[in-house]
Participant: 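This is the structure, below, for whatever I ask next.
Since the structure is predicted, the reported quantities are computational estimates derived from the model, not experimental observations. Residue numbering restarts at 1 for every chain, and letters A, B, ... go by the order of the sequence lines.
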Amino acid sequence: MSEEQSLNFIEEIVEADLAAGKYQSIVTRFPPEPNGYLHIGHAKSICLNFGLAQKYGGKTNLRFDDTNPVTEETEYVESIKNDVKWLGFNWAEELYASNYFDQIHGFAVRLIEMGLAYVDDSSSDEIAAQKGTPTQAGTANAYRSRTIAENLEFFEDMRLGKYADGEKVLRAKIDLASNNMHMRDPIIYRIKHAHHHRTGNKWCIYPMYDFAHGQSDAIENITHSVCTLEFIPHRELYNWFIEKLSIFPSKQYEFARLNMTYTVMSKRKLLQLVQENHVTGWDDPRMSTISGMRRRGYPAAAIREFCDRIGIAKRDNLIDISLLEFCVREDLNKTAVRRMVVFDPLKVIITNYTGEGEILHSENNPEDPNGGVREVPFSKEIFVERDDFMEEPSKKYFRLAPGQMVRLKSAYIIKCDDFVKDANGNVTELHCSYIPESKSGSDTSGINVKGTLHWVSALHAIAAEVRLYDRLFNVEDVANAEGDFKDYINKESLTVVPHAYAEPALLKDSMGVGFQFLRKGYFCADKESTPTKLVFNRTVGLKDTWAKEVKKGA
RNA sequence: UGCCUGAUAGUAUAAUGGUAGUACGACUGUUUUUGGUGCAGUUUGUCUUGGUUCGAAUCCAGGUCGGGCAACCA
C-alpha cells in the first residue's frame, strides 16, 4: 500500500509522542456531562477519541463529568451509554468524576497545606468584582491571607455541612493580576446541598470543572486529553494544578467543535426545544441528537463516515448538512431494500388486462447481486403517484400523459389512453392499456420508454403512515442569526402522509432495516410503528435532479 | 482598551521551504426498468502589505477580519 493518508494535527502529535517514546500506548477519554442527550457534535468527539485509541493501539474511557448534581440525571447517563455503543464504540472503562470525589478532596486539602488555596467568604458578586476585568488586575480581599490552619478548618466545616450554599468557597491562590482570567484565584470547590445521582447525599461540596477534569485525567493516566476550542484558556490552569499536585501529566489539546447548517448544537437549546414542545422529545427525528438521527434512520456507519470526512482542525467551521445527507445516502444506497409506496394515489385501470392478476418479482437491491427478490402482486387496477400524470406535459416530462408510455417498475409498459375528471376538474382515474409482451425480464416488445414508475396493486395495497421531515430551522447559521433562535424554527419541518399505499411485502419486512421507497427516498419504520399501523420516517430524500429541472423552468 | 486563538475554491480539509490536491456542492455528458446509482469531465482558492530565499500557502514583521476569555456551568 503506497496510499499516504494525511494526519490531522492531533494524530501528528500522537505519532510524534509515540515515536519519541513519551508513551508506550495512549489513553484517551470521552467526558460528557450527563445533563442532556448526545448530539452530532459529540459524535465528532467520540469518533476522534475512540478513533485515536483504535488507530494507535490504546484505550478510551467513557467518563461522566458529573460534578454538578443539580443538572445531572441517570436518564442522561443511560442515553449516553446507549448512543456511544450504537455508534459502534466500546469503552475500556465506565468511569465517573464522582468516583474520585475523595481523591479530589484530598488534592484540595493538599493545596491548602501548601498555602495554594484559601476559603473565601465573599459573595459571588463580590468575587466577580474583585476579579477585575481583562484589562484591569483583580484585587485581593482579606480572606486571601487566612492561615493554613484556618483554611483547613473552614474547608472541613464546609465539607461537614456547617454552611449554607454560597456562604463560602475554596479558591486556588494563584495570581489576581494574570492576563488569563481563569488564573485569578479560580473557585475550585463550592457548597451545594443537593442530591447527587451517584453519591447521593454524601457530599455537600463539589469540585468545579477545573478542579475535577484534569484531576480525573491524571488519575486515569489519560495521555491525550482532547477537548474543544473554548477550553484553551483553561489549559494554563489545567497544567498549574498538575504541576502543583505532582500528578500524572496529562496534556490537553483543543480542536474546533462541529457546527452544522440549519440546526442547533447546544444542549441548552436542544433542551429548550424539548421542554417547550417544539419537538416531540430528545429523539425527535428532526433533532441533531444521536438518538434523533437513529430514530430517523441514519446509519451509525454514515455518521462515522461523516465525522471522518469533516476532519479535525482548529478553525471555526459551519459544515453543510448536505454532506451528512450525502453520507447517509451513500450508505443506504448500498444496504436499503427497495420497496414501492405511493403517497398520493391516482387510480389506473388497465383496460386490456383480463387476467385475475399475477405475482411478479422485483429485486430487493440492484446494488446487491445477492439481495434476492420479493414478490409483488399485479392486477387490473393499480395506483400510481398523482404527479406522475400530466394532462398537458412539458417537453421533457417522461411520465404518464395522454398517449404517452411508461414502464411500471418490474412489470409492464403501459400507455395512457384516457383519463377521467370529476366535476371540479380533478383527474380521478387513468385508463391505460398494457403491452403483454413487455413483461419485465422477458420483454420482447422492442419498445423503449424513458420513464419508469413505482406503483402498487389497488387490490393488494396496505395502508401506512409516512412522516416526511424537513430541516428544523430555515436559516443556515442558526446560532449566529439575529434574535431568538426559536424565531427561525421551520413550521413545515414535519409533513404527515396519513394514508399511503404500500406494497404488501412491507408487512413481512423486519422493521430494523433501512428501506428505499422507489423514487421517494430512504425510510425506516418509526418506533411507533405496529403491525396493524405501519409508520415510516423519511430518513432522507433521493437526489432529485428532476425537481431541480422543474424549479429552473418555473 | 488587554490576553488567547485562528484565516487555503461555495463548504470542509491536505500540501510541514520545491507541480496548490481531495471530498461534498454546482454544472456537462454518459449509462440505467428508480429523473436514484455508477462512470467521465468542467468550474471556483492560498485575507492583506512588506521582508528573508534561487524558490513562500508554509519562515519573519506589520495590518485586516473571525472566534474565545471577566458562571459558586461544563
Participant: Send over the distance from A:Gln130 CD to B:rC72 C1', rounded to a whole Å.
Facilitator: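 To the nearest whole Å, that distance equals 14 Å.
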Participant: Which comes earlier along RNA chain B counting from the 5' end, the contact point of A:Arg399 or that of A:Arg190, where each point is its nearest nucleotide?
Facilitator: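 Closer to the 5' end of RNA chain B: A:Arg399.
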Participant: For A:Glu367, answer base if it contacts any base atom (sugar-phosphate contacts may also be present), sugar-phosphate if it contacts only those atoms, and nothing otherwise; contact means non-hydrogen atoms under 4.0 Å.
Facilitator: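 A:Glu367: base contact, heavy atoms under 4.0 Å.
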Participant: Tell me if the aromatic rings of A:Phe101 and A:His196 count as close, with their centers under 6.0 Å from one another.
Facilitator: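 Ring centres of A:His196 and A:Phe101 closer than 6.0 Å.
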Participant: Partners of A:Ala313 by side chain to side chain contact (heavy atoms under 4.5 Å, CB included), sequence neighbours excluded?
Facilitator: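 Once residues adjacent in sequence are excluded, A:Ala313 has no partner under the side chain to side chain contact (heavy atoms under 4.5 Å, CB included) criterion.
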Participant: Would you mind classifying the nucleic acid contact of A:Gly138 as base, sugar-phosphate or nothing, using non-hydrogen atoms under 4.0 angstrom?
Facilitator: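 If one applies the 4.0 Å heavy-atom cut-off, A:Gly138 turns out to touch nothing in the nucleic acid.
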Participant: Write down the distance separating the P atoms in B:rU5 and B:rU43, rounded off to the nearest Å.
Facilitator: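 Here B:rU5 and B:rU43 have their P atoms 40 Å from each other.
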Participant: As an exercise, state the distance from CD1 of A:Ile80 to CD1 of A:Ile290, rounded to the nearest 0.5 Å.
Facilitator: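 Between atom CD1 of A:Ile80 and atom CD1 of A:Ile290 there are 10.5 Å.
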Participant: In whole angstrom, give the distance that lies between atom CZ of A:Phe398 and atom P of B:rU33.
Facilitator: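 Nearest whole value for this atom pair: 14 Å.
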Participant: Think A:Ser123 has a side-chain N or O under 4.0 angstrom from the OP1 or OP2 of B:rC72?
Facilitator: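 No, outside the criterion.
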Participant: Does the ring of A:Trp546 meet both stacking tests against the six-membered base ring of B:rG35: centre distance under 5.5 Å and plane angle under 30°?
Facilitator: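 According to the criterion (under 5.5 Å, under 30°), yes, A:Trp546 stacks.
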Participant: Counting only side-chain heavy atoms from C-beta out, which of B:rU34, B:rG2, B:rA14 sits nearest to A:Arg519?
Facilitator: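 Closest of the options to the side chain of A:Arg519: B:rU34.
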Participant: Taking the C1' atom in each of B:rG50 and B:rA56, what is the distance between them to the nearest angstrom?
Facilitator: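 Taking atom C1' in both B:rG50 and B:rA56, they lie 14 Å apart.
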Participant: Can you tell me if A:Lys192 touches the phosphate of B:rC73, counting only side-chain N or O atoms and a distance under 4.0 Å to OP1 or OP2?
Facilitator: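 Checking B:rC73 against A:Lys192, a side-chain N or O does come within under 4.0 Å of OP1 or OP2.
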Participant: Taking only residues two or more places apart in sequence, or in another chain, which ones meet A:Glu72 in a salt bridge (charged side-chain N to carboxylate O under 4.0 Å, His left out)?
Facilitator: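 Here no residue qualifies.
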Participant: Would you indicate which nucleotide in B:rU33, B:rU34, B:rA74 comes nearest to any side-chain atom of A:Leu518?
Facilitator: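 Nearest nucleotide to the side chain: B:rU34.
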Participant: At 4.0 Å (heavy atoms only), tell me whether A:Gln516 reaches a base, stays on the sugar-phosphate, or touches nothing.
Facilitator: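 Base: the residue A:Gln516, judged by heavy atoms under 4.0 Å, touches a nucleobase.
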Participant: Atom CD of A:Gln136 to atom P of B:rU1: distance rounded to whole Å?
Facilitator: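 Roughly 16 Å, once rounded to whole Å.
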Participant: Could you list the residues that satisfy salt bridge (charged side-chain N to carboxylate O under 4.0 Å, His left out) with A:Arg309, not counting sequence neighbours?
Facilitator: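 Salt bridge (charged side-chain N to carboxylate O under 4.0 Å, His left out) list for A:Arg309, sorted by chain: A:Glu305, A:Glu330.
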Participant: From CG of A:Leu48 over to C1' of B:rU13, roughly how many Å is that when rounded to an integer?
Facilitator: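 These atoms are roughly 14 Å apart.
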Participant: Can you pull the side-chain hydrogen bond (donor to acceptor under 3.5 Å, both in side chains) pairs that have at least one residue in residues 161-176 of chain A, sequence neighbours excluded?
Facilitator: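 Checked against side-chain hydrogen bond (donor to acceptor under 3.5 Å, both in side chains) - neighbours excluded - the pairs reaching residues 161-176 of chain A are A:Asp120-A:Arg171, A:Asp121-A:Lys168, A:Asp157-A:Lys162.
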Participant: Mark yes or no for a side-chain to base donor-acceptor pair under 3.5 Å between A:Glu254 and B:rU5, with no hydrogen or angle criteria applied.
Facilitator: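 When only heavy-atom distances are counted, A:Glu254 does not reach the base of B:rU5 through any donor-acceptor pair under 3.5 Å.
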Participant: Between atom CG in A:Asp120 and atom P in B:rA71, what is the gap in whole Å?
Facilitator: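 So the two atoms are 14 Å apart, to the nearest Å.
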Participant: Taking atom C1' in both B:rC39 and B:rC4, what distance in whole Å separates the two?
Facilitator: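 Taking atom C1' in both B:rC39 and B:rC4, they lie 49 Å apart.
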Participant: Taking the side chain of A:Ser124 as its heavy atoms from C-beta onward, which of B:rU34, B:rU1, B:rC72 lies nearest to it?
Facilitator: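 That would be B:rC72.
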Participant: For A:Ser266, report the nucleic acid contact type (base, sugar-phosphate, nothing); a contact means any heavy atom under 4.0 Å.
Facilitator: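 It contacts nothing in the nucleic acid.
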Participant: Just to verify, what does A:Arg329 make a salt bridge (charged side-chain N to carboxylate O under 4.0 Å, His left out) with, not counting sequence neighbours?
Facilitator: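 In terms of salt bridge (charged side-chain N to carboxylate O under 4.0 Å, His left out), with neighbours along the sequence ignored, A:Arg329 is linked to no residue.
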Participant: Find the distance between CG (A:Leu48) and CD1 (A:Ile10) and round it off to the nearest 0.5 Å.
Facilitator: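 If I round to the nearest 0.5 Å, the distance is 5.0 Å.
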Participant: Could I get the full list of salt bridge (charged side-chain N to carboxylate O under 4.0 Å, His left out) partners for A:Lys267, not counting sequence neighbours?
Facilitator: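 A:Lys267 satisfies salt bridge (charged side-chain N to carboxylate O under 4.0 Å, His left out) with no residue once adjacent residues are dropped.
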Participant: Within the structure shown, what part of the strands sits under 4.0 Å from A:Tyr397 by heavy-atom distance: base, sugar-phosphate, or nothing?
Facilitator: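 Here A:Tyr397 touches the bases of the nucleic acid.
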Participant: Between A:Asp66 (side chain) and A:Pro69 (backbone), is there a donor-acceptor pair under 3.5 Å?
Facilitator: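 Checked: no pair found.
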Participant: Whole angstrom is fine here: how far is it from NZ in A:Lys450 over to P in B:rG36?
Facilitator: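 To the nearest whole Å, that distance equals 14 Å.
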Participant: If you look only at distance, which donor and acceptor atoms sit under 3.5 Å apart when one is on a side chain in residues 444-451 of chain A and the other is two or more places apart or in another chain?
Facilitator:
| unit_1 | atom_1 | unit_2 | atom_2 | d |
| --- | --- | --- | --- | --- |
| A:Ser445 | OG | A:Asp443 | OD1 | 2.7 |
| A:Ser445 | OG | A:Ile447 | N | 3.1 |

Participant: Return the set of residues passing side chain to side chain contact (heavy atoms under 4.5 Å, CB included) with A:Thr263 (not counting sequence neighbours), or none when no residue passes.
Facilitator: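 By the side chain to side chain contact (heavy atoms under 4.5 Å, CB included) rule, A:Thr263 matches A:Met260, A:Met265, A:Ser288.
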Participant: Can you see if the side chain of A:Thr135 gets near the phosphate of B:rC3 - specifically, an N or O under 4.0 Å from OP1 or OP2?
Facilitator: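 Looking at the OP1 and OP2 atoms of B:rC3, neither is under 4.0 Å from any side-chain N or O of A:Thr135.
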Participant: Starting at CG of A:Leu318 and ending at P of B:rU13, how long is that distance when rounded to a whole Å?
Facilitator: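 Distance, rounded to whole Å: 11 Å.
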Participant: Show me the protein contacts with nucleotides 64-70 of chain B, counting only N or O atoms at under 3.5 Å.
Facilitator:
| unit_1 | atom_1 | unit_2 | atom_2 | d |
| --- | --- | --- | --- | --- |
| B:rG67 | O4' | A:Asp316 | OD2 | 3.3 |

Participant: Dot-bracket for RNA chain B, 5' to 3', with Watson-Crick and G-U pairs under 3.5 Å, [ ] for crossing pairs and | for other-strand pairs: what is it?
Facilitator: .((((((..((((....[..)))).(((((.......)))))....(((((..]....))))))))))).....
Participant: Using the P atom in both, what is the distance from B:rU37 to B:rA26, to the nearest Å?
Facilitator: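 Pairwise P distance, B:rU37 against B:rA26, rounds to 10 Å.
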Participant: Distance check, C1' atoms only: B:rC69 and B:rU49, in whole angstrom units.
Facilitator: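 Comparing C1' positions in B:rC69 and B:rU49 gives a spacing of 30 Å.
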Participant: Choosing from B:rA14, B:rC72, B:rG36, which nucleotide comes nearest the side chain of A:Ser6?
Facilitator: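 The closest nucleotide is B:rA14.
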Participant: Which nucleotide wins on minimum distance to the side chain of A:Ile232, given the candidates B:rU34, B:rC4, B:rU33?
Facilitator: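 Closest nucleotide among those given: B:rC4.
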Participant: Determine the interatomic distance between P on B:rG63 and the same-named atom on B:rG45; round to the nearest Å.
Facilitator: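 Looking at atom P only, B:rG63 and B:rG45 are 29 Å apart.
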Participant: Can you pull the salt bridge (Lys or Arg N to Asp or Glu O under 4.0 Å) pairs that have at least one residue in residues 227-239 of chain A, sequence neighbours excluded?
Facilitator: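 Salt bridge (Lys or Arg N to Asp or Glu O under 4.0 Å) check on residues 227-239 of chain A returns A:Glu230-A:Arg257, A:Arg235-A:Glu254.
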Participant: Please state the P separation for the pair B:rU13 and B:rC54 - nearest whole angstrom.
Facilitator: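 My reading of the P atoms in B:rU13 and B:rC54 gives 35 Å.
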Participant: Establish whether the base of B:rU33 is bridged to the side chain of A:Ser440 by a donor-acceptor pair shorter than 3.5 Å.
Facilitator: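 A donor-acceptor contact between them is present.
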Participant: Below 4.0 angstrom, N of the basic side chain to O of the carboxylate: do A:Glu367 and A:Arg338 qualify?
Facilitator: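 A salt bridge is absent here (no side-chain N lies under 4.0 Å from a carboxylate O).
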Participant: For B:rC60 versus B:rC73, give the span between their P atoms, rounded off to a whole number of Å.
Facilitator: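 It works out to 41 Å between them.
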Participant: Show me the protein contacts with nucleotides 17-25 of chain B, counting only N or O atoms at under 3.5 Å.
Facilitator:
| unit_1 | atom_1 | unit_2 | atom_2 | d |
| --- | --- | --- | --- | --- |
| B:rA23 | O2' | A:Arg309 | NH1 | 2.4 |

Participant: Taking atom P of B:rU37 as reference, at what distance in whole Å does atom CG of A:Asp544 sit?
Facilitator: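 Value for this atom pair: 10 Å.
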Participant: Can a salt bridge be assigned to the pair A:Glu126 and A:Lys131 using a cut-off of 4.0 Å between side-chain N and carboxylate O?
Facilitator: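 Salt bridge between A:Glu126 and A:Lys131, a charged N being under 4.0 Å from a carboxylate O: no.
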Participant: Please classify the nucleic acid contact of A:Pro366 as base, sugar-phosphate, or nothing, using heavy-atom distances under 4.0 Å.
Facilitator: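 If one applies the 4.0 Å heavy-atom cut-off, A:Pro366 turns out to touch a base.
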